[in-house]
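One structure below.
One-based numbering, in listed order, for ligands and for the atoms of each.
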Amino acid sequence: MPAGARAGAPGGRVVPRHFIRMAGSAQSWTEETVGGRSGACAGPGSARQWTEGSRRDSPSGGSPPRREKRRGRMLTKHRILRFIECPRLPRYDALREPGGGADGGDAAGRLHRAQGRMLGEKARTEFPGGVLIDTPDFRVARSETKRAIESGAEVLFEAAFASDSLAARPDILVRERKGVWRLWEVKAGTEVREDYLLDVAVQVHVLERSGIRVRPGLLLVDKTATTESGTIFRRVECGDEARERVPTVRELSREVMRILSAPEPPAVSLERRCRDCEFLDACWPGLPTPNVLDLYQGRGGWKHVDDLLRRGILGLADVPPDAKLTDLQKRQLDAAGSGRPIVDARAYARLLRPLRHPLRFLDFEAARFPLPEFPGQHPYDLIPFQWSCHIEERPGAPLVHREFLWDRPGDPRRSLAEALVRELGGPGSVVVYSGFEKEVLEALAALFPDLARDLRRIEARLFDLLPALRRSYYHPALGRSFSIKSVLPVLAPGPGYDRLAIGDGLEAVWAYFRLIHEELAEEERRALASDLLAYCEQDSKALHAVHAALAREARGGAP
Ligand code: SF4
């Protein structure tokens with residue numbers, strides 16, 4: 001599924017524009033981003049009223065986070081970057097249990113950390129003879145760093161410095177002439193990003209205040225490199241850009257400290273960023289259900305959601321008839337109002353016309369990792385490792401199941417492609433959900449010219465159920481999600497994903513990562529492989545169930 005395919009892909013945090021525009025004092029930052037916006041929303045039922053209410057009710061209100069006090073209020077770059085995402089996040093993070101971390105303990109977080117660790121280790125191999133300051137205890141790390149520098153170490157990994165309540169642990173420091181050190185920050189991304197530059201600016205600020213002069217740069221992943229290249233990193237100078245941001249870092253760190261010790265959490269308004277925030281319920285108690293964040297955002301939909309939020313409209317029931325919405329959003333609103341699904345059976349029947357039996361319901365699992373392992377592989381190449389296919393020979397015939405899983409180290413792509421050609425050749429449509437399966441088939445065809453014709457024939461038979469569903473169906477229980485996991489319980493209730501050990505594409509990629517990179521007991525290996533098989537089988541079975549339910553609707557409910 002696409003979620004799995006995105007695992008490990010470059011990207012992630014994007015620094016909001018309002019931050020980059022920021023200038024002047026911490027006070028002007030507060031007014032511009034918080035007071036200004038809230039003020040603009042003032043009025044009955046407005047976001048401002050909402051903000052005031054949430055300040056009273058928020059669990060983070062009342063007293064500053066105690067753990068932060070105990071730690072002597074040392075800030076890290078992470079907390080500053082979280083502040084840029086939302087001024088409330090540093091407080092929530094500070095209250096979190098130790099070990100939680102911003103990535104949480106979920107599959108995405110574990111995968112992120114494991115890959116970050118591997119990438120860091122890979123980068124260190126390019127600087128032989130380095131001293132690794134290998135302790136999470138910051139005080140111990142600082143004294144080890146001091147000792148290593150005094151004893152003449154030429155290269156330091158994960159050294160520790162502190163100044164002005166800011167802590168820094170630069171990935172790599174290389175001693176140069178005349179007391180200057182080369183600083184490299186290792187990043188999984190492939191392009192320079194604003195948050196990377198701020199990260200380096202924090203390091204520059206702290207190190208230079210500690211008496212260490214630095215020449216900073218970024219080690220980015222080079223998408224054009226292959227396993228055979230001497231390096232997978234691209235070295236990018238960023239001294240000027242980082243130094244330009246040092247005053248901003250100083251302002252931000254002061255502002256974060258102020259927020260952490262303030263009796264009340266900062267005033268904020270409900271925005272896009274809140275939609276997927278883990279603190280949404282804690283931060284906005286009493287938010288109506290459904291609300292405007294539940295509106296579908298694709299195809300220009302976000303713009304309309306932003307407009308509604310700016311006008312202080314929160315509940316779907318409060319959206320006025322003159323509000324600008326996409327067609328799908330209008331359907332959502334109608335369905336929410338009536339509490340009933342909207343089915344355009346005629347449209348769906350028309351969209352289904354190209355389908356030909358035997359129908360094959362196909363689902364892939366695939367990963368993108370920054371470190372290439374196989375001959376000719378680039379960073380972030382798509383690596384499909386599993387597929388499942390349910391076959392319906394003729395309408396109403398019992399389903400036949402075929403599957404493939406690569407559950408060991410080594411390149412899965414050739415075996416996977418051959419099994420695919422063997423099992424999916426012949427006539428009939430291949431039903432998929434989203435454009436992801438097409439992307440996988442194209443990648444395999446480009447990789448194996450001798451299989452390309454057969455793979456492209458499969459590709460030519462693809463039928464994407466998702467756009468057909470979006471155009472002809474909506475149920476209020478779907479909210480903003482048309483994922484197969486949301487659609488299945490609505491259209492075809494029954495045993496679903498809840499009973500499975502692996503519940504989404506990212507968990508599947510994490511399981512695959514463990515199978516190929518960890519030394520596991522045989523029993524655990526078998527259990528993980530079996531969980532993966534069950535998950536992918538569920539995906540293709542769900543696809544059939546959803547199609548069957550909609551086809552029934554298209555026939556006017558006839559079985
Ligand atoms: S829910 Fe919104 S305002 Fe609250 S912490 Fe998350 S992003 Fe910030």
Side-chain angles (χ1 to χ4, degrees), residues 11-20 22 26 29-42 45-65 67-68 75-76 78-97 100-104 106 108-109 194-195 198 252 255-295 297 302 305-316 479-480:
R13 180 185 299 115
V14 174
V15 178
R17 283 232 177 97
H18 63 249
F19 166 71
I20 299 168
M22 179 193 135
W29 155 249
T30 308
E31 284 169 1
E32 184 181 328
T33 58
V34 179
R37 252 182 241 175
S38 296
C41 293
S46 73
R48 178 171 201 162
Q49 284 188 330
W50 187 251
T51 300
E52 300 300 331
S54 75
R55 288 176 70 176
R56 275 196 310 276
D57 300 337
S58 167
S60 61
S63 62
R67 188 171 307 119
E68 204 64 32
L75 285 185
T76 61
H78 173 73
R79 202 145 282 177
I80 291 177
L81 293 173
R82 292 282 279 170
F83 170 82
I84 293 165
E85 280 181 55
C86 169
R88 275 195 182 180
L89 286 175
R91 282 179 76 101
Y92 282 115
D93 288 346
L95 286 163
R96 207 199 291 261
E97 285 307 307
D103 293 322
D106 59 3
E194 182 61 27
D195 54 334
L198 280 165
L252 285 173
E255 183 60 8
V256 175
M257 292 301 274
R258 190 190 65 74
I259 279 173
L260 286 172
S261 53
E264 294 287 324
V268 287
S269 44
L270 191 70
E271 294 181 26
R272 275 185 196 203
R273 64 187 177 198
C274 303
R275 191 194 74 173
D276 296 318
C277 178
E278 64 197 294
F279 304 116
L280 181 66
D281 292 340
C283 207
W284 301 99
L287 186 65
T289 307
N291 58 67
V292 296
L293 291 176
D294 293 320
L295 285 171
Q297 297 99 15
W302 258 129
V305 174
D306 289 343
D307 283 346
L308 292 168
L309 287 171
R310 264 194 295 273
R311 291 164 67 184
I313 297 162
L314 301 175
L316 282 196
R480 62 174 182 268

Polar side-chain atom of Arg88 near backbone of Pro266 as donor-acceptor pair, under 3.5 Å: yes
Spacing of Glu271 atom CD and Arg310 atom CZ [to the nearest 0.5 Å]: 9.5 Å
Residue list, side chain to side chain donor-acceptor pair (under 3.5 Å) with Asp306, at least two apart or on another chain: Arg272
Heavy-atom side-chain proximity of Leu293 to Leu314 below 4.5 angstrom: no
Minimal non-hydrogen separation, Leu260 against Pro90, with atom names: CD2-O, 3.7 Å
If only protein N, O or S atoms under 2.8 Å count, total around atom 4 (Fe) of ligand 1: 1
Reported CG-to-CD distance for the pair Asp93 and Glu278, which is rounded to 0.5 angstrom: 7.0 Å
